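Because the structure is predicted, anything quoted here is derived from the model rather than measured.
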Protein chains: 2
Amino acid sequence: MTATPAATVDMGLSVEKMEKVAFILKTTAHPTRIAIVQLLAAQESLSVSDISEKLNVEQSLLSHHLSGMKLKGILSSTREGKNIYYALKMREVIDVIQCLAACMFL
Amino acid sequence: MTATPAATVDMGLSVEKMEKVAFILKTTAHPTRIAIVQLLAAQESLSVSDISEKLNVEQSLLSHHLSGMKLKGILSSTREGKNIYYALKMREVIDVIQCLAACMFL
DNA sequence: CAAACTTATGAACAGTTGTTCATTTGTACA
DNA sequence: TGTACAAATGAACAACTGTTCATAAGTTTG
């Protein structure tokens, strides 16, 4: 990004908000990641292999998605024996997706 | 994408919905594009140079964003003399962003 | 027609993303 | 200790994105 957009735009959204929106959008904008959020909205916490099975996504790829999401503060993880359990940290994301799903088809 | 996620996941969201969500997310996930949607939510239609001034984004870059969004069905455009006016075609996107902005900070 | 203006287009390029594969690290338990 | 299982990591690579720059194409008006 080089040109800086005007400080505020007609509607209520400040640039910082637009950027936060864009951030959440970007880090969630992938079917697998949305599915992950869905699962963790319903389950509190799940191990990598749980998720891998439920979503039918290969271990390594899933791990990449998960650690990316963790890095960006969306998920958290804790080890428990052999397994590592992931959970939703940034709960807003649930609302966001919920919200999207709702207002997109009416 | 190679592995196909399970057909449905715990919550109400089908894979098609998740993909549609992801699509809207992706095509909107950029501060400039969000700003464009904001403008066009408030203004019905605006020329490229209008938008360029308001957002302080260079002509060519803006044009690329606009035509991308048009290509993906989010915007429409009509010529009127020298100018080309863009308008929001996929109105859901407004709700989506509105919705996001709302539920993200409480 | 030419000049001025508005927008689109295409090449080029750096940076990011999604994916795969092979390898490594951490843990449990025989 | 060694074997097996769970998950992370890193290299490699193709595909896509955002951006810039230069140029073209469409429109208006003198």
Side-chain angles (χ1 to χ4, degrees), chain A residues 1-5 15 18-19 21-37 39-40 43 45-87, chain B residues 1-5 15 18-19 21-37 39-40 45-72 74-87:
Chain A
M1 227 174 321
T2 297
T4 41
V15 172
M18 291 192 302
E19 265 159 9
V21 170
F23 171 80
I24 298 214
L25 293 183
K26 278 199 67 163
T27 57
T28 329
H30 189 286
T32 300
R33 291 196 296 268
I34 295 181
I36 292 171
V37 172
L39 281 180
L40 292 176
Q43 295 280 327
S45 98
L46 289 169
S47 74
V48 177
S49 29
D50 288 342
I51 302 177
S52 177
E53 280 166 28
K54 299 210 193 210
L55 297 185
N56 188 27
V57 172
E58 192 265 327
Q59 185 275 310
S60 171
L61 178 53
L62 180 58
S63 193
H64 281 300
H65 277 297
L66 290 172
S67 57
M69 294 171 84
K70 182 181 175 185
L71 189 71
K72 296 185 177 177
I74 295 182
L75 304 181
S76 62
S77 71
T78 53
R79 169 148 241 150
E80 218 153 288
K82 281 195 228 174
N83 300 311
I84 295 189
Y85 288 84
Y86 278 86
Chain B
M1 223 174 328
T2 296
T4 41
V15 173
M18 292 192 302
E19 265 158 10
V21 170
F23 171 79
I24 298 213
L25 293 183
K26 277 199 67 162
T27 58
T28 330
H30 189 284
T32 299
R33 291 195 297 267
I34 294 181
I36 292 171
V37 172
L39 281 180
L40 292 176
S45 98
L46 289 169
S47 74
V48 177
S49 30
D50 288 343
I51 302 178
S52 176
E53 280 165 29
K54 300 210 191 211
L55 298 186
N56 189 27
V57 173
E58 192 266 326
Q59 185 274 309
S60 171
L61 178 52
L62 180 58
S63 193
H64 280 302
H65 277 297
L66 290 171
S67 57
M69 294 170 85
K70 182 181 175 186
L71 190 71
K72 297 186 177 178
I74 295 182
L75 305 180
S76 62
S77 71
T78 54
R79 169 149 239 149
E80 216 153 290
K82 281 195 227 173
N83 299 310
I84 296 189
Y85 288 85
Y86 279 88

Quiz prompt | Divergence of helical axes at both termini of the helix from C:dC1-D:dG30 to C:dA30-D:dT1 - five pairs an end, 10° steps | solution = 0°
Quiz prompt | Given D:dG18, D:dT9, C:dA8, the nucleotide with the shortest approach to the side chain of B:Q59 | solution = C:dA8
Exercise. For B:L46 and C:dT7, give me the distance from atom CG to atom P, rounded to whole Å.
Key: 11 Å
Exercise. Rounded to the nearest angstrom, tell me the gap between atom CG in A:L62 and atom P in C:dT17.
Key: 18 Å
Quiz prompt | Value rounded to 0.5 Å, distance of CG in A:L40 from CD1 in A:I51 | solution = 5.0 Å
Quiz item: How many angstroms lie between atom OH of B:Y86 and atom CD1 of B:I74, to the nearest 0.5 angstrom?
Solution: 13.0 Å
Exercise. Kindly compute the distance separating OG (B:S45) from CG (B:N83), expressed to the nearest 0.5 Å.
Key: 10.0 Å
Quiz item: Nearest-Å distance, CG (B:L66) to C1' (D:dG18)?
Solution: 14 Å
Quiz item: Which pairs with one or both residues in residues 63-76 of chain A pass side chain to side chain donor-acceptor pair (under 3.5 Å), sequence neighbours excluded?
Solution: A:R33-A:H65, A:K70-A:S77
Quiz prompt | All side-chain hydrogen bond (donor to acceptor under 3.5 Å, both in side chains) counterparts of A:D50, not counting sequence neighbours | solution = A:S47
Self-check item: C:dT7 phosphate, OP1 or OP2, under 4.0 Å from B:S49 side-chain N/O
Solution: yes
Self-check item: Atom pair distance, as rounded to whole Å: NE2 in A:H30 and P in C:dT17
Solution: 12 Å
Practice problem: Please work out if B:S63 contacts a base, only the sugar-phosphate, or nothing of the nucleic acid, heavy-atom cut-off 4.0 Å. | Solution: base
Quiz prompt | Euclidean distance, atom CG of residue B:L61 to atom P of D:dA22 [Å, nearest integer] | solution = 16 Å
Quiz prompt | Interatomic spacing from CG in B:L66 to CG in B:L62 - rounded to 0.5 Å | solution = 4.0 Å
Quiz item: A:Y85 pairs by side-chain contact (heavy atoms from CB on, under 4.5 Å) with which of A:R79, A:Q43, A:E80?
Solution: A:E80
Quiz item: Between A:E53 (CD) and D:dA6 (C1'), how many Å, whole number?
Solution: 12 Å
Quiz item: Between atom OG of A:S52 and atom CD1 of A:I36, what is the distance when rounded to the nearest 0.5 Å?
Solution: 10.0 Å
Self-check item: Sugar-phosphate only, base, or nothing, as touched by B:S60 at under 4.0 Å among non-hydrogen atoms
Solution: base
Self-check item: Closest to side chain of B:K26, choosing from C:dT19, D:dC16, C:dA8
Solution: D:dC16
Exercise. Report the distance from atom CE of B:M69 to atom OG1 of B:T27, rounding to the nearest 0.5 Å.
Key: 7.0 Å
Quiz prompt | Side chain of A:S47 - closest among C:dG10, D:dA7, D:dA11 | solution = D:dA7
Quiz item: Under 4.0 angstrom, heavy atoms only, what part of the nucleic acid is B:H65 near: base, sugar-phosphate, or nothing?
Solution: sugar-phosphate
Self-check item: DNA chain C contacts among residues 78-87 of chain B, heavy-atom distance under 4.0 Å
Solution: B:K82, B:N83, B:I84, B:Y86
Practice problem: Check the distance between D:dG18's P and B:L71's CG and give it to me in whole angstrom. | Solution: 14 Å
Exercise. Round to a whole Å and report the spacing from NE2 of A:H64 to P of C:dT20.
Key: 10 Å
Quiz item: Under 4.5 Å between any side-chain heavy atoms of A:I34 and A:T28, yes or no?
Solution: yes
